[in-house]
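Here the structure is laid out as structure tokens; the discussion comes afterwards.
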Amino acid sequence: MEYKFTTADFEKEVLSSDIPVLVDFYADWCGPCKMMGPIVKKLAEEYDGKIKIGKCNVDEEGELARKYRVMSIPTMIIFAGGEVKETVIGAVSQNELEEKIKKVLV
């Protein structure tokens with residue numbers, strides 16, 4: 001299941017989550033973000049229950065993007081225990097993103 005994270009629910013859904021969370025910071029107009037969309041969605045389905053995976057639109061949630069210093073998109077940040085554990089900037093392969101996920105699931 002792919003989540004949608006907002007400023008209103010970020011604390012509860014991401015920082016207080018009892019499982020790791022991958023947040024895909026993106027924008028609708030971003031080409032590389034569109035390329036990553038199907039990969040993020042597929043991983044969200046594959047890892048459902050082990051890690052929460054979802055999106056955060058930087059145009060709608062600029063405050064969150066600034067807080068986590070998202071300077072270019074897509075930026076994927078993996079949180080565990082309320083802390084940033086891994087960051088991936090730019091379009092990457094499914095394998096590369098999956099390796100980052102596996103690191104926090106160990």
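Keep in mind that the numbers below use all heavy atoms, side chains included, and drop hydrogens, waters and symmetry copies.
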Going by side-chain hydrogen bond (donor to acceptor under 3.5 Å, both in side chains), name the residues that satisfy it together with E63, two or more places apart in sequence or in a different chain.
none

Rounded to the nearest 0.5 angstrom, the NZ-NZ distance for K103 and K85 is 12.0 Å

Is it possible for you to say whether V23 and L15 belong to one hydrophobic cluster, with membership spreading through side-chain heavy-atom contacts below 4.5 Å?
yes

Hydrophobic cluster identity match, L105 and V40, side-chain contacts under 4.5 Å
yes

Is the shortest distance from a Lys or Arg side-chain nitrogen in E98 or K100 to a carboxylate oxygen in the other one below 4.0 Å?
no

Counting only N and O atoms by type, is there a donor-acceptor contact under 3.5 Å from the side chain of T75 to the main-chain atoms of I89?
no

Under 4.5 Å between side-chain heavy atoms, hopping through other hydrophobics if needed: is there a path connecting V104 to V21?
no

Do any N or O atoms from the side chain of Q94 and from the backbone of I39 form a donor-acceptor pair under 3.5 angstrom?
no

Side chains of L64 and V70 in contact at under 4.5 Å (non-hydrogen atoms):
no

If hydrophobic clusters are built by linking Ile, Leu, Val, Met, Phe, Trp and Tyr wherever their side-chain heavy atoms come under 4.5 Å apart, do Y26 and V92 end up in the same one?
no

Atom pair CE (M36) and SG (C30), whose distance is rounded to the nearest 0.5 Å:
10.5 Å

Do I19 and K50 come close enough that some side-chain heavy atom pair is under 4.5 Å?
no

Could you check whether E86 pairs with K102 (Lys NZ or Arg NE/NH1/NH2 to Asp/Glu carboxylate O, under 4.0 Å)?
no

With side chains defined as the heavy atoms from C-beta onward, is the minimum distance between I101 and L22 less than 4.5 Å?
yes

Over all heavy atoms of both residues, which pair between G37 and E2 is shortest? Give the atoms and the distance, please.
O-OE2, 4.4 Å

Indicate yes or no for a side-chain donor-acceptor contact from K52 to the backbone of E13 under 3.5 Å, with no hydrogens or angles considered.
yes

Can you tell me if S93 uses its side chain to pair, donor with acceptor, with the backbone of E96 under 3.5 Å?
yes

Do I53 and E45 have side chains that get closer than 4.5 Å, going by heavy atoms?
no

F79 and F10: CA distance, side-chain angles, deciding distance, ring-ring contact (aromatic ring centres under 6.0 Å, His included) verdict
CA-CA 11 Å; F79 295 83; F10 202 81; 5.7 Å; yes

Contact check, side chains of P74 and D24, non-hydrogen atoms, under 4.5 Å
yes

Measure the spacing between OG1 of T87 and CD1 of I77 and express it to the nearest 0.5 Å.
5.0 Å

Hey, could you give me the OG/CG distance between S16 and D9, rounded to the nearest 0.5 Å?
11.0 Å

Kindly compute the distance separating CD (E61) from CZ (F25), expressed to the nearest 0.5 Å.
9.5 Å

Between I73 and P32, is any pair of side-chain heavy atoms under 4.5 Å apart?
no

